[in-house]
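One structure is given below, represented as structure tokens, and several questions about it will come after.
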Amino acid sequence: MIPEKKAPEILVLIFAASFPTLAAWVYFVLFSGESWMLTLGALSKLVQFALPAVWIWLVLRQPRRIGGVSTRDLLSGALSGLVILAACLGLYYGYIKHHPAFSAAPQALGEKLKGLGADTPGGFLVVALFYSLIHSLLEEYYWRWFVYGRARHYLGIARANLLASLAFMAHHVVVINTFLPGEYFWSLTIPLSLSVAVGGVIWSVLYQRSGSLYGAWLSHALVDVAIMICGYDMYFGGGS
């Protein structure tokens, strides 16, 4: 059933799909290194993650809830997450770590970590826990529950999944590209970003099957753990 206020919601979804990429470019590229970059990034995240709640509960006044947890949902999430985790670590240690394109990545990563106050092992652990446990949940609530969940009313399940996953990928293109030389945009930045889109497709399928975010969240969290392991090795372990 197509919701009421169709036209306004479509505009909201277009904004929701594009805002994270624009915000990432502004605070991660345009104003990178500025003393207030962290504040700008935090404000953009506040706008992003507040949008679904404001639209659903305050504007539409719909008592829409996130589904409960089930054992099957958690098992699916754990299995998919562990498979992707293993693939991420295999790709990093078997290829990325020794690739010349990433020779400057530890320094670039260090600059970002310093901006977060996370350029020590303890600080990195705090940031890693936040992104793996909390930020991953917020992204599932935003991309799967809201963007995908609402877009499927207008586009159908398959096209909504594709839209949400590509939009989810887009801001990762901006982030990944800051760690790589420009000549590797098509050969590395885009393929690595497309792997993010594949993750988005998997998590939308998990959400569609169960009506719950918990399995997708667990899978996403495990993948973020793998990324944090790679990041730790790259910066603190002399990964390149």
Practice problem: Evaluate the ring planes of His99 and Tyr95, with Trp represented by its six-membered ring, and classify them as parallel (under 30°), tilted (30 to 60°) or perpendicular (over 60°). | Solution: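 Rings of His99 and Tyr95: perpendicular, as their planes differ by over 60°.
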
Quiz item: How long is the gap from CG on Asn177 to CH2 on Trp25, to the nearest 0.5 Å?
Solution: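 Result: 13.0 Å between the selected atoms.
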
Quiz prompt | Lys97 side chain near Phe102 side chain, heavy-atom distance below 4.5 Å | solution =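 No; the side chains remain at least 4.5 Å from each other.
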
Quiz item: For residues Gln208 and Arg152, is any side-chain donor paired with an opposing acceptor at under 3.5 Å?
Solution: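 There is such a pair (donor and acceptor under 3.5 Å, judged by atom type) between the side chains of Gln208 and Arg152.
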
Quiz item: Should Leu206 and Arg144 be marked as a side-chain contact (heavy atoms from CB on, under 4.5 Å) after you check the CA-CA gap, both sets of side-chain angles, and the distance that decides it?
Solution: CA-CA 10 Å; Leu206 290 177; Arg144 258 55 72 180; over 6 Å; no

Quiz item: Between Tyr141 and Ala53, what is the shortest heavy-atom contact and its length?
Solution: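 Scanning both residues, the minimum pair turns out to be OH-N, 3.2 Å.
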
Exercise. Please check if the side chain of Ser132 supplies one atom and the backbone of Leu129 the other of a donor-acceptor pair under 3.5 Å.
Key: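 No, the answer is negative, given that no donor and acceptor are paired below the 3.5 Å cut-off.
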
Quiz item: By side-chain hydrogen bond (donor to acceptor under 3.5 Å, both in side chains), which residues pair with Tyr27, not counting sequence neighbours?
Solution: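 In terms of side-chain hydrogen bond (donor to acceptor under 3.5 Å, both in side chains), with neighbours along the sequence ignored, Tyr27 is linked to no residue.
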
Quiz prompt | Donor-acceptor under 3.5 Å (Ser204 side chain, Val201 main chain) | solution =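 No; judged by distance alone, with no hydrogens or angles, the pair does not exist.
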
Quiz item: When rounded to the nearest 0.5 angstrom, what distance separates CH2 in Trp55 from CZ in Arg61?
Solution: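 Separation between the atoms: 12.5 Å.
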
Self-check item: side chain to side chain donor-acceptor pair (under 3.5 Å) partner of Tyr154, chosen from Lys6, Arg159, Glu9
Solution: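 Exactly one pass, corresponding to Glu9.
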
Self-check item: Side chains of Tyr93 and His98 in contact at under 4.5 Å (non-hydrogen atoms)
Solution: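 SC-SC contact between Tyr93 and His98 ruled out.
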
Quiz item: Hey, are the side chains of Leu40 and Lys45 touching, using non-hydrogen atoms and a 4.5 Å cut-off?
Solution: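 They are not in contact (no side-chain heavy atoms under 4.5 Å apart), so the answer is no.
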
Exercise. Any chance you could measure Leu43, atom CG, to Gln48, atom CD, to the nearest 0.5 Å?
Key: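 So the CG of Leu43 and the CD of Gln48 are separated by 13.0 Å.
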
List the atom pairs, with distances to 0.1 Å, where a side-chain N or O of residues 112-128 and a protein N or O form a donor-acceptor pair under 3.5 Å, not counting sequence neighbours.
from	atom 1	to	atom 2	distance (Å)
Lys112	NZ	Phe28	O	3.1
Lys112	NZ	Ser32	OG	2.7
Thr120	OG1	Gly123	N	3.1

Can you give each donor-acceptor pair under 3.5 Å made by side-chain atoms of residues 179-186, sequence neighbours left out, with the distance rounded to 0.1 Å?
none

Quiz item: Any chain of hydrophobic side-chain contacts (each under 4.5 Å) joining Met169 to Leu22?
Solution: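 The answer is no; the residues belong to distinct hydrophobic clusters.
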
Self-check item: Distance-minimising heavy-atom pair for Thr21 and Ala167
Solution: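 For Thr21 and Ala167, the tightest heavy-atom pair comes out as OG1-O, 4.2 Å.
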
Exercise. Can you see which heavy atom on Leu163 is nearest to which on Ala151, and at what distance?
Key: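 Shortest heavy-atom contact: CD2-CB, 4.2 Å.
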
Self-check item: His220 side chain reached by Leu137 side chain, heavy atoms, under 4.5 Å
Solution: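 The answer is no, as the side chains (C-beta and beyond) never meet within the 4.5 Å cut-off.
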
Quiz item: Mind checking whether Leu109 and Ile96 sit in one hydrophobic cluster, side chains of I, L, V, M, F, W, Y counted as touching below 4.5 Å?
Solution: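 Yes, one cluster joins them.
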
Quiz item: Passes side-chain contact (heavy atoms from CB on, under 4.5 Å), Val26 versus Ser44? Steps please.
Solution: CA-CA 10 Å; Val26 169; Ser44 72; over 6 Å; no

Exercise. Please find out if less than 6.0 Å separates the ring center of His172 from that of Phe168.
Key: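 Between His172 and Phe168, the centre distance is under 6.0 Å.
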
Quiz prompt | Nearest heavy-atom neighbours spanning Asp224 and Ser136 | solution =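 Result for this residue pair: OD2-CB, 3.6 Å.
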
Quiz item: Side chains of Ser212 and Asp73: donor-acceptor distance under 3.5 Å anywhere?
Solution: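 Ser212 vs Asp73: donor-acceptor pair found between side chains.
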
Quiz item: With side chains defined as the heavy atoms from C-beta onward, is the minimum distance between Trp145 and Tyr207 less than 4.5 Å?
Solution: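 Contact flag for Trp145/Tyr207 side chains = yes.
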
Quiz item: Linking I/L/V/M/F/W/Y whenever any side-chain heavy atoms sit under 4.5 Å apart, do Met228 and Trp217 land together?
Solution: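 Met228 and Trp217: one cluster.
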
Quiz prompt | Atom pair CD/CE of Gln107 and Met234 - distance to nearest 0.5 Å | solution =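 That separation rounds to 13.0 Å.
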
Exercise. Verify the cluster assignment for Phe130 and Ile229: are they in a single hydrophobic cluster under the rule of side-chain heavy atoms below 4.5 Å apart?
Key: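 Yes; Ile229 is reachable from Phe130 via cluster members.
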
Self-check item: Leu192 vs Leu91 side-chain heavy atoms within contact, under 4.5 Å
Solution: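 Yes, side chains in contact.
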
Quiz item: Mind checking what makes ring-ring contact (aromatic ring centres under 6.0 Å, His included) contact with Phe15, not counting sequence neighbours?
Solution: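 Partners of Phe15 under the ring-ring contact (aromatic ring centres under 6.0 Å, His included) test: Phe19.
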
Quiz prompt | Distance (rounded to the nearest 0.5 Å) between Leu194 CG and Ile190 CD1 | solution =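 The distance works out to 6.5 Å.
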
Quiz item: Do Tyr214 and Glu140 have side-chain N/O donor and acceptor atoms under 3.5 Å apart?
Solution: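 No.
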
Exercise. Any chance you could measure Leu213, atom CG, to Leu218, atom CG, to the nearest 0.5 Å?
Key: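 Leu213 atom CG to Leu218 atom CG measures 12.5 Å (nearest 0.5 Å).
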
Exercise. Following the transitive rule for hydrophobic clusters with a side-chain heavy-atom cut-off under 4.5 Å over Ile, Leu, Val, Met, Phe, Trp and Tyr, establish whether Val174 and Ile227 coincide in one cluster.
Key: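 Yes, because Val174 and Ile227 connect within a single hydrophobic cluster, where side-chain heavy atoms sit under 4.5 Å apart.
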
Identify each donor-acceptor pair in which a side-chain atom of residues 75-85 lies under 3.5 Å from a protein atom, sequence neighbours left out, and give them as a table.
from	atom 1	to	atom 2	distance (Å)
Ser76	OG	Arg72	O	3.1
Ser80	OG	Ser76	O	3.0
Ser80	OG	Gly77	O	3.1
Ser80	OG	Ser219	OG	2.9

Quiz item: If you look at every heavy atom in Val223 and Cys88, which pair is closest and at what distance?
Solution: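 Nearest heavy atoms, Val223 then Cys88: CG1-SG, 4.3 Å.
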
Self-check item: Sub-4.5 Å side-chain heavy-atom contact between Ser165 and Trp143
Solution: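 The answer is no; the side chains never approach within 4.5 Å.
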
Quiz item: Where do Ala164 and Tyr148 come nearest, in terms of heavy atoms and distance?
Solution: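 Shortest heavy-atom separation between Ala164 and Tyr148 comes out as CB-CB, 3.8 Å.
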
Quiz item: With sequence neighbours left out, what residues match His135 under ring-ring contact (aromatic ring centres under 6.0 Å, His included)?
Solution: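 Partners of His135 by the ring-ring contact (aromatic ring centres under 6.0 Å, His included) criterion, ordered by chain and then number, come out as Phe49, Tyr131.
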
